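Below, chain A is the first sequence line, B the second, and so on; all start at residue 1. Atoms considered below: every heavy atom in the structure, side chains included; atoms not considered: hydrogens, waters and symmetry mates. All of these numbers come straight from a predicted model, not from anything done at the bench.
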There are 2 protein chains.
Amino acid sequence: MLQIDFASKNRITAVDQSTKDILGKGFFGDDEGKSLRLSPEEALYLMDVRNAECTHNGRSMPFDELASGFSKSGKFMAKYLTYRDWRDRGLVIRRPGPVRSTANKTPVKSYPGSRIKLPKYKLTCTFFNSDMVSIIGDKDKGKQLYESLWLGQYGSYKAQDRGQLNKLDIFETLYLMDKRILRPLSTTPLSIRRTARARRRDFDRLYEVYRDWRDRGYVIKTGFKFGTHFRVYFPGARPMTAGSTERIHSKHVIHVFPKESRLLISEWARAIRVAHSVRKTFILAVPGNLPAQKVGIDYVLFHRRGGEAENPKTATPRYGMLSLSEDEYIGGREFAGAIAEAKRRRLELVMAIADRETAVTYYRIRQIRLANSRNEYYEIDWMQP
Amino acid sequence: MLQIDFASKNRITAVDQSTKDILGKGFFGDDEGKSLRLSPEEALYLMDVRNAECTHNGRSMPFDELASGFSKSGKFMAKYLTYRDWRDRGLVIRRPGPVRSTANKTPVKSYPGSRIKLPKYKLTCTFFNSDMVSIIGDKDKGKQLYESLWLGQYGSYKAQDRGQLNKLDIFETLYLMDKRILRPLSTTPLSIRRTARARRRDFDRLYEVYRDWRDRGYVIKTGFKFGTHFRVYFPGARPMTAGSTERIHSKHVIHVFPKESRLLISEWARAIRVAHSVRKTFILAVPGNLPAQKVGIDYVLFHRRGGEAENPKTATPRYGMLSLSEDEYIGGREFAGAIAEAKRRRLELVMAIADRETAVTYYRIRQIRLANSRNEYYEIDWMQP
């Protein structure tokens, strides 16, 4: 039986040779020569799953007594549960050590950018305040705008020959006003912007992201059907491909998570879940000028290579892990901070979320470089380790 | 060509015989003998889709000019777009008339209830504040509680033989404390409740719903994987069926929408969308003592019977429709009010949501009667008319 000795909260060790040998081979603990020093989650894991016995001053110490010593420290159970889950997959997980200069494993994905080609004509529109929709007065130009830049919705959705009007959503309306192509009748752009801000507090952030992608030639439409703020098409997308009556399918959705905002983890994950269920790539936009919050990562993770589990003897870690639980909040600044910390360690960030039932879900986060944009964007993937 | 006459915002009519005949057969307008009176959305629909010509004092009046007269009235475009979508499906839609005593078409679904059989023993637990999880000290009783009532998670999720501890989530912890079965070590139930309330403002409402279903024998676990607050099993469900290593699958999820809360329609719909994508029945819980807000429904809808579209001559309406748009808010009181109004009219409620791109999504709402509960519950289904 594995034997663990609890001297104090800061000193948990294995001392007998047999335990030290077994744990050393399993990449548990730090070898100090005479003893093998264990972190609390390592000790608890060995007790919970490997039936190790822990003693304190000669008497046996049960799991909950050991754990309760840490019950006041931040998200202790989330850290334990995510630790256990990774270990249970036969993979190695360690507390982060000092930063080493290793090969860079922080992925960055480049998204190309062109420049939107705006029309030369001027248009007027009627704006509907309570719906935040506007209708372009000129039917022909309205149709042209729809067909060339996929701005607005001409006719009916999925039946553009039914009806003759182009209806612009609030983002399209303001975008064309900013570009001095559109002028509202009997109201002003400022008043329209105020309406939008009064409707939703995060409007400016959503619009900032909308504009960022539109300026680079991307087509941005509502993501309502996919549970996100927007869906995205690469530059050049048109409502219908020539000669076809079928709509092209978007492959990306964008959700906006401003730095100044905070979300329950369960709500944060819900948006990703819908995108995943419809096989879209989920892009998280993190706009805002606030500095990232300093956040440590909880663990470094080893993964597999060719079916073999990697370990600290033969490889460097691949992921940095942030351990979270379903019912806590995450802020935009905190999210940006965790990304920055993983980058500093040259690792890819993984968010591990323990739900109320101790099941763990993993999300992998990869930075996107959108041509010349100053905003931060990330692809988030559900991951099965 | 169809001819429409605009006299004033309150008087839009068709007067020539040919137009009156065509519109009468299509169940547009109210026949006043000499003329057929049209609602604004009817007039706009005929102009937009059927190419009708509207004149005002002898001159032609385009769609946006007519529409702009209503641009200040609440959600005018949402009403128009949902009107158009229903019509485009070949179905009849009308403004609601006076309430008539017709056959009751408001469905109510009964959910059975038993009574939870609680154990006689007493237990202690260690509570982890920042994770809102507790661990039961007694391993054997912990296992028994898990196996008999599916309270907590014994071992690991999907591998209950891995590990020997029962971990209770915050709802389970408080429930067992309220039932005087569980006592926390080194803290109090009151302090635990305070922690939960500080974490999320709606905690008491969530717990109220949790307790309501648990008391009636249902098993309630986290709905994290399905994007909702809870998932539900009918009374008698156990973690694993005897002799099987496979977990049973829940068929219902519960999302809590307190009367005093407000949600963006897009967020409201997102929760339903996840449940729909995993084929669960979505139950909306609307707890709270606030009175429902008085809300009118926007339209009454005729549907199909045996492939034939129903109409006002041969049938009474089947649904009451509330028209909404993606970017507006809905409150719990408002939702309750729309339900009440549909019920008063003896209709089933349909929520029609126009997104920014004019596409319309429909949700059908059916009340649930949960044995002896005072709370309001509704099944919400995505519907393709």
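- When heavy atoms are compared at a cutoff of 4.5 Å, B:Leu168 does not approach chain A at all.
- For chain A, the nearby part of B:Phe171 is the side chain; its heavy atoms alone come within less than 4.5 Å.
- Heavy-atom distances place no part of A:Leu185 under 4.5 Å from chain B, backbone and side chain included.
- Between B:Arg200 and A:Glu328 no salt bridge is recorded (no basic side-chain N to carboxylate O distance below 4.0 Å).
- Interface remark: B:Thr358 contributes backbone and side-chain atoms alike to the contact with chain A (heavy atom separation under 4.5 Å).
- Looking at A:Phe224, both its backbone and its side chain come within 4.5 Å of chain B, counting heavy atoms on both sides.
- In summary, B:Arg199 and A:Asp327 do not engage in a salt bridge, as defined by a charged side-chain N under 4.0 Å from a carboxylate O.
- In this structure A:Lys75 satisfies the salt bridge (charged side-chain N to carboxylate O under 4.0 Å, His left out) test together with A:Asp298, sequence neighbours excluded.
- Using a 4.5 Å cut-off between heavy atoms, A:Ala67 contacts chain B through both its backbone and its side chain.
- Heavy atoms closer than 4.5 Å to chain B are found in the side chain of A:Met132, but not in its backbone.
- Only the side chain of A:Phe230 comes within less than 4.5 Å of a heavy atom in chain B; its backbone stays farther off.
- Most heavy-atom pairs under 4.5 Å with chain B, from the set A:Thr222, A:Val133, A:Asp169: that is A:Thr222.
- Only the side chain of A:Thr361 comes within contact range of chain B, with heavy atoms under 4.5 Å apart.
- Interface residue A:Tyr329: only side-chain heavy atoms are found under 4.5 Å from chain B.
- Counting only distance, with no hydrogens or angles, the side chain of B:Asp48 and the backbone of A:Gln164 share a donor-acceptor pair below 3.5 Å.
- Of the two parts of B:Ala269, only the side chain, counted from C-beta on, holds a non-hydrogen atom closer than 4.5 Å to a non-hydrogen atom of chain A.
- At a heavy-atom cut-off of under 4.5 Å, chain B is reached by A:Arg270, A:Ala271, A:Arg273, A:Val274, A:Ser277 from residues 270-280 of chain A, listed in order of number.
- B:Arg84 touches chain A through its side chain: at least one heavy atom from C-beta onward sits under 4.5 Å away, while N, CA, C and O do not.
- Contacts between B:Lys225 and chain A at a heavy-atom distance below 4.5 Å involve backbone atoms as well as side-chain atoms.
- Looking at A:Leu264, only its side chain comes within 4.5 Å of chain B, counting heavy atoms on both sides.
- For chain A, no part of B:Tyr154 is nearby; none of its heavy atoms comes within less than 4.5 Å.
- A donor-acceptor contact shorter than 3.5 Å is absent between the side chain of A:Asp64 and the backbone of B:Thr126.
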